[in-house]
There are 2 protein chains.
Amino acid sequence: MNNEEIAVKVARGESIGRAVDMFEARARVDGTLNFALNAELPNMTFARLLRSPTPHARINSIDVSQAEAMPGVVAVLTAADFDREGAPQRHYGAVIWDQPVVCGSKVRFAGDVVAAVAAETEEIAAAALLAIEVEYEDLPVVAELDDALADDAALVHDRPPPPRDRSYADIKLVGRQGNICTKFQLRKGDLDAGFAMADHIVDTTYESPAVQHVPMEPHVVLASFEGKRLTLISSTQSPYAVRDTVAEMFLLPSSSVRVIVPPLGGGYGAKTYAKFEPVTAALAWKARRPVKLVLSREEEFLSITKHAARIRLRTGVMNDGTLVARDVQVYFNAGAYADISPRLIKNGGYSCVGPYDIPHVRVDSYAVYTNRPPAGAYRGYGVSQAAWAYEQQMDEIAELLGIDPVDLRRRNLLQEGERFATGEVMHGARWTELLERSAAAIGWPENRSVRVDDRRVKGKGIAVILKATITPSTSNASVRLDADGSLQVLTSSVEMGQGAHTVLAQLAAEPLGLPVGAVNVTAPDTQYTPYDQTTSSSRTTRAMGGAVTHAARTVRERLLLLAGELLEVDPHDLVIEDGAVALRGAPDTRVSIADVMYRTRTGSISGDGEIKTVGGLDPETGQGIASDHWHQGAAGAEVEVDLGTGKVYVTHLHTIAYAGRVVNPKLARLQMHGSMFFGMGHALYEEMVFDDGILTNPNLSDYSIVSMGDVPPVIEVEFLEDDGEAHLHGLGETTLPPVIAAIGNAVRAAIGAPVTRLPITPERVLEATTA
Amino acid sequence: MNNEEIAVKVARGESIGRAVDMFEARARVDGTLNFALNAELPNMTFARLLRSPTPHARINSIDVSQAEAMPGVVAVLTAADFDREGAPQRHYGAVIWDQPVVCGSKVRFAGDVVAAVAAETEEIAAAALLAIEVEYEDLPVVAELDDALADDAALVHDRPPPPRDRSYADIKLVGRQGNICTKFQLRKGDLDAGFAMADHIVDTTYESPAVQHVPMEPHVVLASFEGKRLTLISSTQSPYAVRDTVAEMFLLPSSSVRVIVPPLGGGYGAKTYAKFEPVTAALAWKARRPVKLVLSREEEFLSITKHAARIRLRTGVMNDGTLVARDVQVYFNAGAYADISPRLIKNGGYSCVGPYDIPHVRVDSYAVYTNRPPAGAYRGYGVSQAAWAYEQQMDEIAELLGIDPVDLRRRNLLQEGERFATGEVMHGARWTELLERSAAAIGWPENRSVRVDDRRVKGKGIAVILKATITPSTSNASVRLDADGSLQVLTSSVEMGQGAHTVLAQLAAEPLGLPVGAVNVTAPDTQYTPYDQTTSSSRTTRAMGGAVTHAARTVRERLLLLAGELLEVDPHDLVIEDGAVALRGAPDTRVSIADVMYRTRTGSISGDGEIKTVGGLDPETGQGIASDHWHQGAAGAEVEVDLGTGKVYVTHLHTIAYAGRVVNPKLARLQMHGSMFFGMGHALYEEMVFDDGILTNPNLSDYSIVSMGDVPPVIEVEFLEDDGEAHLHGLGETTLPPVIAAIGNAVRAAIGAPVTRLPITPERVLEATTA
């Protein structure tokens, strides 16, 4: 199926559009849902990981003899085990094979895994860690971008590690040298000519810190070998990617590795691609027993982060506000290992152009290795950092030119049929409408910048963004109708609290006229459920939803065909209602689904659906198809700032997304709420603070996330829906990035000065107001 | 797919026809294979069943208060629990809802389940059973056929229990009255005219006892509720039938019940349809915790048995040996509950006609309720009892007429295109050839009956049989090709040691030119694997094999289509070899499977296959399609009998089956060996001995099965294969029935007298020789 065909039309019916409660919502909170955390395997052992206390050091020796001798210790895994005949590969990685399963010659961040212990209890495993003696020889630490990019910088990796297999060959790994992990570049038009034409050039640099995903449930992996077959029960968002990575690591055929994914207690990108499956599997291989690993909260902080980023935007603009040129330099702090950085810097790079028509563009986007925990996918996927930069700068330009920020944006926003910076034509461009609705919602431009009293000022800000979805992309689904009219949906989409399985059930039920309660959506199990690329990138409702819809329609057609034979009527004249197939307008001519099945000797009726999209960008120019579908969102924020303390209070928050057809309004709202509160956290509170590479706040006392007390008095969520037949859009991330930028712009309006570095802490507000 | 189309042609290739070792053969015997027996669930409890000590009694009271008060006892289930609101149904059954989950008003056999206990340990559960007080009031016991059929017989069931739902409506439950559970009848030609024409009428009655399946692994069930979803891990041969039965029982949609089936340690029919899943699920429902039930060996004897049967054959024959009429009366002792008897008596009834062309036939076949453990499916499925009768009688007729037994059979065997007693036309009729090869193998007719010395005599016997397979029948399979060229076969066929998964892997690998080791065949899991009717009736290689072959061919076609696009050649000119697709005759024009997948953005390629057959017999006349495919087999036996002790020694055993195309010669031989040794056991040793309804030998000391010391010095297995393209036949049971009859005929030839009652114990031999 190509890009055009993916636009699965969704009819308004019984199931779709209904605010069905999320499946298992109660079990999710009362502890009865079987998360991976609850899983047990016969004879299983418990794992703990020994982590490096130092950000960068050579390992001179590891002595595990005392730990191995402790009663109850089953196995201790170190790099030496990978010397053994038949040992798995030492490294893994989604794109680049650079992350050691356990470190061998050196450690690259404070938290890097040096050894792993499997023991009869978690307590014994923890005690055994203390008995392992490691001799480190410290190396110069390069934890910040400037350290890493210095000419004489110490190298995190002595030489560029090898790329992964061919399945990632579409990523041209350009720019790899020194601590540059990879680079993405985009070239459009003639930058010099653009700047030459500009009346003004605005040059600003914006910074975002590393932040934590903080899923309620930590990373959990159970690994168990049965002969040469490996089963993983894992809290992953990417069952198939994990399967393939671990199969490669053990040199096994993919079908020998089985990945089962129970419902997740949150993911937000932290659980994409292989994370702790490799080390757990290696430990199970050594222990010859099943192994369960559960990370502590502190370890979560050391697992994966949102990328800290520094973005310099030089934008050329005409006096009337027309943007004519932009030169972008983005440095993403990738941490010690590449993870998904080579992909993310692409999205984070071209997104810096924003949803604007800018004729002359240059983007250089870098992933930089540093001695920090690795950075990877995070709800918003590079767009938060980009939008923070370009939407702040839009307000700076507006101020410079004396143009209303909404007007300035309106003047430049991409319109239907115009081309984005990547050269692709934009369809369904609704940015102007989204922007205007957010602006209207917060009463723009009334009281955009007002002083309330001696201490307090108020301000309003807006932001509008575009976000790609993973492209190319493939999703498969199977739908099976049983004789009793119940439906099985086989999907590898992960339910992680976002309500994916509820939405897929609604989509499956619709063509068959079944109640949603008659649908069972399976948890992913790569041995059984069809291939899906990943549950991320806000792709599930659209891609898997499309595949499920196709499959359910096939089932419907087959059912009608069989019923038509039995009733001796044209199948096109049949309708499905109340578990039976009936002749339209002659409801007495009917046959129950059970009867159809029985009389045609069909145990069940199955259908399959597949959605795949193609795309990709030229590595030299960044031209091509970046996204087969663009997420579009906007936000409006009103804030009050206490000039005495510097504290920012969000008093009104509005977000809107172009939603196509909303499958489940209740769950859609909740997704938008989630994005809102995540965005508020990034805007105001969240920052992983490093001291020469050592994380100083790896806990939820010192690291603040948004709490109920932070919820603004007015929060509003809107959907821009298509009338009638419409497409399905994902809504998981769209309004996270604009919330950050809108709050930033509101603070700027309130205090009359920009804060260019996230989060907007009281200290930074005071610094800005006193500058 | 109709009967004609099911004949899936199988090409001779790389995988098919190779003696591949059974998958996991070593793990199966070294204890590392995860049988259901090894399964554990978090927080699980252990179940034990309280069984009636008496064969027939009213239950006046049950007091479980002491048991419930015992520390560690989690729940005690009795019939009273089924009075509760929201309780499951009280009864279950494959065809007739006559078996109580736990007994309420009365018990019907010594071993009937009266209560069930779930406790923290098995020991506590066992102790709790002793604390349950039950007051029984004995009722007259009807354990034998004559007791049950007497005019004034006590009734096992006060009135005929209700039939199960519509899915079994094809079984017309005729003849239900008194202790007659159901009846099957067949009417062909004019019986009186036939007998009037006959030169002789031979009238003999043959008896077979109840015997035990003795699977190495007992029945094991784990049941666990999660909200309204029930998961069963069960050692069943029929995952879908169990699912549907238990879903009905709990009034749940089918898709709410999930049945997972690990590899079985043997089944032989004992594990078809629901057995202990209902009681385990009900206990889990009451305990609100997972429950595991493992039967003891003694309990296995009380679970399900081969039917004891009494068969009277009155056969009219001409002087030249032509059979002209047969009147058959069959009484199958069904035990206390119907289980699958209503189906089995049909097969056991018409099979009494044998593979012979008899113009005038009457069959009346009865299932009779008695106070014995229920009888059900057993390898051979009614044909063992029938063949024991009709093949013994053929030798009696031969002796009467002075015709060689092989000649007599040859004269009457069904030939290609002739009609069986059910009216259906026989295709691929190979009985004559099978018979002649078995006869030749044992050197027939040389030394057919000789005295060796004072004490010892030798004799030879042959037998030839036909056996139906379950009809109508449906099997579905999915096959998925991964990018690394590995293959997943999704099937609900149960691997129970017969090698089904190895054979299905061979069939799946063939069209794709893959090594068998690249194929993973999944264990059944009704949540994921497609519908299959049951793993029984020797149907898997043929029905599921056909579905898998179809599915793999679809995958092949899709792969070639994609590769053709990439290579810009006609897909018909492509071949698959070594994990790549290449142009025939131009092997440099090639693309690897991984490349095809990657370049066409296909995560995997899937295909589905379905095989369904139709059939059924008229309830009045028994005319119609009894089997969409007939198994054909023969055996030849040479025995030596010690006239002093009466002991029979089998010195030479030969079996042959019409095999179509043998997929795996090694596994096929092992199946034939299994049938041989089962047949020897039934012929010579095995008998469940009842004393007024009490089983006196429920253990492997008092109940003898064949041991290695019994293996004849010469054992031979032969397959009648089709040349070139051929069909797939099942081989799991075909040669069990003729082995029993051939040994019986050999003994008759040796000692010069018939033993008409199985097993042929030394006592019965001495009785026959001294009569």
Side-chain angles (χ1 to χ4, degrees), chain A residues 24 26-27 32-34 38-43 165-167 169 226-227 229 240 244 247 253-256 258 472-476 478 480 482-488 490 517-520 522 525-533 594-595 598 600-604 606 608 610 612-614, chain B residues 24 26-27 32-34 38-42 166-167 169 226-227 229 240 244 247 253-256 258 472-476 478 480 482-488 490 517-520 522-523 525-533 594-595 597-598 600-604 606 608 610 612-614:
Chain A
E24 300 179 315
R26 179 169 292 275
T32 57
L33 192 65
N34 276 328
N38 302 353
E40 294 175 18
L41 290 173
N43 201 30
D165 79 334
R166 58 176 324 295
S167 69
E226 210 180 321
R229 296 202 181 279
Y240 272 90
D244 293 346
S254 292
S255 60
S256 295
R258 175 182 183 185
S473 163
T474 306
S475 285
N476 291 273
S478 288
R480 189 178 76 201
D482 273 313
D484 67 351
S486 67
L487 211 60
Q488 291 273 9
L490 270 64
V519 186
N520 178 34
T522 63
D525 181 337
T526 60
Q527 185 165 289
Y528 296 113
T529 53
Y531 178 83
D532 179 48
Q533 196 159 321
D595 259 327
Y598 177 69
T600 56
R601 303 290 182 199
T602 297
S604 58
S606 295
D608 292 318
E610 176 175 281
K612 62 186 186 202
T613 61
V614 295
Chain B
E24 301 179 315
R26 178 169 292 275
T32 57
L33 193 65
N34 276 329
N38 302 353
E40 294 174 17
L41 290 172
R166 57 177 323 297
S167 70
E226 209 180 322
R229 296 201 182 280
Y240 273 90
D244 294 346
S254 293
S255 61
S256 295
R258 175 182 182 186
S473 163
T474 306
S475 285
N476 290 271
S478 288
R480 189 178 77 200
D482 274 312
D484 68 350
S486 68
L487 211 60
Q488 292 272 11
L490 270 66
V519 186
N520 179 34
T522 63
D525 181 336
T526 59
Q527 184 165 291
Y528 296 113
T529 53
Y531 178 83
D532 179 49
Q533 196 158 322
D595 259 327
M597 301 291 208
Y598 177 69
T600 56
R601 304 290 181 199
T602 298
S604 58
S606 296
D608 291 318
E610 176 176 278
K612 61 186 187 202
T613 61
V614 295

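The chains referred to below are lettered A, B, ... by the order of the sequence lines, with proteins before strands, and numbering in each begins at 1. Scope of the values below: all heavy atoms of this structure, side chains included, with no hydrogens, waters or symmetry mates.
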N520(A)/R229(B) under side chain to side chain contact (heavy atoms under 4.5 Å, CB included): CA gap, chis, key distance, verdict: CA-CA 10 Å; N520(A) 178 34; R229(B) 296 201 182 280; 3.2 Å; yes

Under the side chain to side chain contact (heavy atoms under 4.5 Å, CB included) rule, what do E226(A) and L33(B) come out as? Steps first, then yes or no, please. CA-CA 7 Å; E226(A) 210 180 321; L33(B) 193 65; 3.8 Å; yes

Let me see the working for E40(A) and E40(B) under side chain to side chain contact (heavy atoms under 4.5 Å, CB included), right down to the final yes or no. CA-CA 8 Å; E40(A) 294 175 18; E40(B) 294 174 17; over 6 Å; no

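A donor-acceptor distance shorter than 3.5 angstrom exists from the side chain of D484(B) to the backbone of S254(A), with no hydrogens or angles considered. K612(A) places a side-chain N or O within 3.5 Å of a backbone atom of T600(B) that can act as its donor or acceptor partner. With hydrogens and angles disregarded, a donor-acceptor distance shorter than 3.5 Å links the side chain of T474(A) to the backbone of R601(B). Under the 3.5 Å distance criterion, the side-chain polar atoms of R480(A) are matched with a main-chain donor or acceptor of T529(B).
A donor atom on one side chain and an acceptor atom on the other are not found under 3.5 Å apart for S255(B) and D482(A).
Both the backbone and the side chain of N34(B) come within less than 4.5 Å of a heavy atom of chain A. Contacts of A27(B) with chain A are absent, with no heavy-atom separation under 4.5 Å from either backbone or side chain. For A523(B), the parts lying under 4.5 angstrom from a heavy atom of chain A are both the backbone and the side chain.
Summarising the geometry, atom OH belonging to Y531(A) is positioned 14.5 Å from atom CD belonging to Q488(B); distances are rounded to the nearest 0.5 Å. Taking OG from S604(A) and OH from Y240(B), the interatomic distance works out to 6.0 Å, rounded to the nearest 0.5 Å.
Ranked by non-hydrogen atom pairs under 4.5 Å with chain A, the options D244(B), D525(B), L41(B) are led by D525(B). For the set N38(B), T526(B), V519(B), the entry with the most heavy-atom pairs within less than 4.5 Å of chain A is T526(B).
Shown here for T522(A) and Y528(B), the closest heavy-atom pair between the two residues is CB-CE2, 3.4 Å.
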